[in-house]
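Here is the structure we will look at.
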There are 2 protein chains.
Amino acid sequence: MVDVNVGGRAPLKLNVTYSRQTEAVLREMVLDGTLTPGERLNEVALSAALGISRGPLREAIQKLVGEGLLRVQSHRGAYVREYEPREIIELYEMRAALELYAVRLAVERASDTDLERVHNILLQSSDSPGHQPQPGPYVAELDFHQQLVELAGNSIISANCLEMNRRLYPPLSRTPRDPQRVQNAVAEHQRVMTALRSRSRAGASAAMEQHLANSMRNSLVVLGLETVTLES
Amino acid sequence: MVDVNVGGRAPLKLNVTYSRQTEAVLREMVLDGTLTPGERLNEVALSAALGISRGPLREAIQKLVGEGLLRVQSHRGAYVREYEPREIIELYEMRAALELYAVRLAVERASDTDLERVHNILLQSSDSPGHQPQPGPYVAELDFHQQLVELAGNSIISANCLEMNRRLYPPLSRTPRDPQRVQNAVAEHQRVMTALRSRSRAGASAAMEQHLANSMRNSLVVLGLETVTLES
DNA sequence: CAACTGGCAACTGTTGACAGTTGACACTAA
DNA sequence: TTAGTGTCAACTGTCAACAGTTGCCAGTTG
């Protein structure tokens, strides 16, 4: 339980348990690199650092294991998950499956006003060529994708896309972004938006597929995985 | 720790923790209806019934919350998740997104022997018209879908399909299966397999899309949800 | 020298107890 | 009667201690 004081109001008891807070803190620590891939989580030390006992910490760890950010071995504790080349490809494919379907749904479901809203977000990010968006181009790109997926109106698909993007973030955020690729990506986004606004299912689907293929190929090259394949 | 004795061998200490076992037991209890949707889980009573303390039980609950089978409210405990019509549609769409993409990958990746193996499974289930498969037609159908998805060689997509099927199982397993629909489904499966074996990407994709659309429409009618829509 | 063994420290898995919250019920007052 | 209040049992959230396992290292043996 945490006491909060906002604007001189009476203290308000926040109904957020330690285990929930810890879950969020831990997720952030994995995503921002405070905990590096492969690193082991010492429950005693970590709970002490967070000022809680091991119970809530262990519950939080279980949740993150379910999200694929951590892994546990019996009696050997939790590790930050390391990314094998194969897994990165699989994550990309999973994301592609969801986003392709989402775009197709969005063609039929998105309202005109929603389409305009997302289109404006895209225009803002491309209007200012020299002016890099604050959280970095990669975050901006992921954000646009997420906005696009939301247009499908399917919360389960949205949530899973978010999870895939989170899992892709640690390895990708450590690699430099080629400015040329960023520019190409924006152009590809615009092609998707154009097709969406003309309600062309085939067009939007094709544009998105093209973009996802380019995006994946580029990432694999940057990560030095272009030779890896999933062929059995 | 559990002692196990198989075939007169020396007792073997299984390295499976209570929390892992509890996770599996609890999942089974939700899926087979021992715990009914909306039912509240009393931690004290449940841990006593399982012969463990509340710690491991709570960890297991967190895992199942992550899988979408349970839900928790602060200081009010865990509930078996109830299925709103909207959620069922969303689950179907999510599954469709993954299976459609999986089939397209399978066209390029599945080996001939794997295709034959899955084809044989399908033949066996359709060869014996009067002879119902043991676990019931719905389980057989889900099993075939899962086999199909595995052909894509993407473990993340496979795992997520499995999770979607698990979440769809509780509401669907309670409804009767129309024998005519079961027969149609098998025919549709065969159309998918035929296209797959001739390595026709467009054909397999179209056949799968058709099948998924029919399957979803049928389920919604059976569940009395045919009027529900996700249009925004 | 290499392989094995025993013991130890560090850590995870589990437990039982305590603290705080919730929902229901009985009681009171308008 | 009905709205409001106080009380309490039942329950969840958290903690600290205990029990069991693992990995390491020194010592031993061939």
Side-chain angles (χ1 to χ4, degrees), chain A residues 1-5 10-27 29-30 35-36 38-66 69-82, chain B residues 1-5 10-27 29-30 35-36 38-66 69-82:
Chain A
M1 211 46 47
V2 180
D3 284 334
V4 178
N5 205 322
L12 186 68
K13 292 217 172 188
L14 270 188
N15 231 359
V16 176
T17 60
Y18 284 158
S19 77
R20 298 298 189 89
Q21 291 180 63
T22 305
E23 184 189 324
V25 169
L26 222 53
R27 186 183 296 114
M29 288 174 82
V30 173
L35 295 168
T36 58
E39 184 173 350
R40 182 171 172 176
L41 277 64
N42 183 323
E43 292 182 3
V44 175
L46 194 52
S47 62
L50 295 173
I52 57 171
S53 70
R54 288 173 53 219
L57 173 62
R58 284 175 61 92
E59 289 178 19
I61 287 175
Q62 290 306 315
K63 280 294 282 296
L64 294 198
V65 167
L69 293 175
L70 299 180
R71 193 165 259 189
V72 290
Q73 287 185 302
S74 271
H75 298 105
R76 259 175 265 181
Y79 297 80
V80 179
R81 187 137 176 205
E82 293 188 277
Chain B
M1 213 48 42
V2 180
D3 284 333
V4 178
N5 204 323
L12 184 68
K13 292 219 170 188
L14 271 188
N15 230 359
V16 176
T17 60
Y18 284 158
S19 76
R20 298 297 189 89
Q21 291 180 62
T22 304
E23 184 189 324
V25 169
L26 222 53
R27 186 184 296 115
M29 288 174 82
V30 173
L35 295 168
T36 58
E39 184 173 351
R40 183 172 172 176
L41 276 64
N42 183 323
E43 292 182 3
V44 176
L46 194 52
S47 62
L50 295 172
I52 57 170
S53 68
R54 288 173 53 220
L57 173 61
R58 285 176 60 93
E59 289 178 18
I61 288 174
Q62 291 306 315
K63 281 294 282 295
L64 294 197
V65 167
L69 294 175
L70 300 180
R71 194 164 258 189
V72 291
Q73 286 185 302
S74 272
H75 297 105
R76 258 175 265 182
Y79 298 80
V80 180
R81 186 136 177 207
E82 293 188 275

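Proteins come first, then strands; the chains are lettered A, B, ... in the order of their sequence lines, and each starts at number 1. Since the structure is predicted, the reported quantities are computational estimates derived from the model, not experimental observations.
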Open item on the list: Would you say that B:Leu70 contacts B:Val80 through its side chain, given a criterion of any heavy-atom pair below 4.5 Å between the two side chains?
Closed with: yes
Task: pair B:Pro56-B:Thr17: side-chain heavy atoms closer than 4.5 Å - done: no
- [ ] For A:Ile61, report the nucleic acid contact type (base, sugar-phosphate, nothing); a contact means any heavy atom under 4.0 Å.
- [x] nothing
Open item on the list: Within the 4.0 Å heavy-atom criterion, would you say B:Arg40 contacts the bases, only the backbone, or no part of the nucleic acid?
Closed with: sugar-phosphate
TODO: Check side chain to side chain contact (heavy atoms under 4.5 Å, CB included) between B:Arg54 and all other residues, then give those that pass, not counting sequence neighbours.
DONE: B:Glu43, B:Val44, B:Ser47, B:Arg58
Open item on the list: Among residues at least two apart in sequence or on other chains, which ones pass side chain to side chain contact (heavy atoms under 4.5 Å, CB included) with A:Thr22?
Closed with: A:Leu50, A:Ile52, A:Leu57, A:Ala60
Open item on the list: Side-chain N or O of B:Arg58 versus OP1/OP2 of D:dG13: is the shortest distance under 4.0 Å?
Closed with: yes
- [ ] Compare side-chain N and O positions of B:Arg76 against OP1 and OP2 of D:dC11 and report whether any pair is under 4.0 Å apart.
- [x] no
Task: side-chain hydrogen bond (donor to acceptor under 3.5 Å, both in side chains) partners of A:Thr36, counting only residues at least two apart - done: A:Glu39
Measure [atom1]/[X] against [atom2]/[N] and give the value in whole Å, please.
{"X": "A:Tyr18", "N": "D:dT12", "atom1": "OH", "atom2": "C1'", "answer": "15 Å"}
{"X": "A:Asn42", "N": "C:dA10", "atom1": "CG", "atom2": "P", "answer": "11 Å"}
{"X": "A:Arg71", "N": "C:dT12", "atom1": "CZ", "atom2": "P", "answer": "18 Å"}
{"X": "B:Gln73", "N": "D:dG13", "atom1": "CD", "atom2": "P", "answer": "11 Å"}
{"X": "B:Leu41", "N": "D:dA10", "atom1": "CG", "atom2": "C1'", "answer": "16 Å"}
{"X": "A:His75", "N": "D:dT22", "atom1": "NE2", "atom2": "P", "answer": "6 Å"}

Open item on the list: Which helical stems does DNA chain D take part in, if a stem means at least 3 consecutive Watson-Crick or G-U pairs with both distances below 3.5 Å?
Closed with: C:1-30 with D:1-30
- [ ] Return the minimal non-hydrogen interatomic distance between A:Lys63 and B:Gln62, and the atom names on each side.
- [x] CD-O, 3.1 Å
Open item on the list: Side chain of B:Ser19 only, heavy atoms from C-beta on: which candidate in D:dT12, C:dT14, D:dT14 is closest?
Closed with: C:dT14
Open item on the list: Side chain of A:Glu43, heavy atoms from C-beta onward: which of C:dT12, D:dC15, D:dC11 has the nearest atom to it?
Closed with: C:dT12
- [ ] Examine distances only and state if a side-chain atom of A:Arg40 and a backbone atom of A:Arg76 form a donor-acceptor pair shorter than 3.5 Å.
- [x] yes
Open item on the list: What's the separation between atom CG in B:Leu41 and atom CE in B:Met29, rounded to the nearest 0.5 Å?
Closed with: 7.5 Å
Task: Those residues of residues 46-57 of chain A lying under 4.0 Å from DNA chain D by at least one heavy atom - done: A:Ile52, A:Ser53, A:Arg54, A:Pro56
Open item on the list: Please enumerate all residues that pass salt bridge (Lys or Arg N to Asp or Glu O under 4.0 Å) together with B:Arg27, with sequence neighbours excluded.
Closed with: B:Glu23, B:Glu67
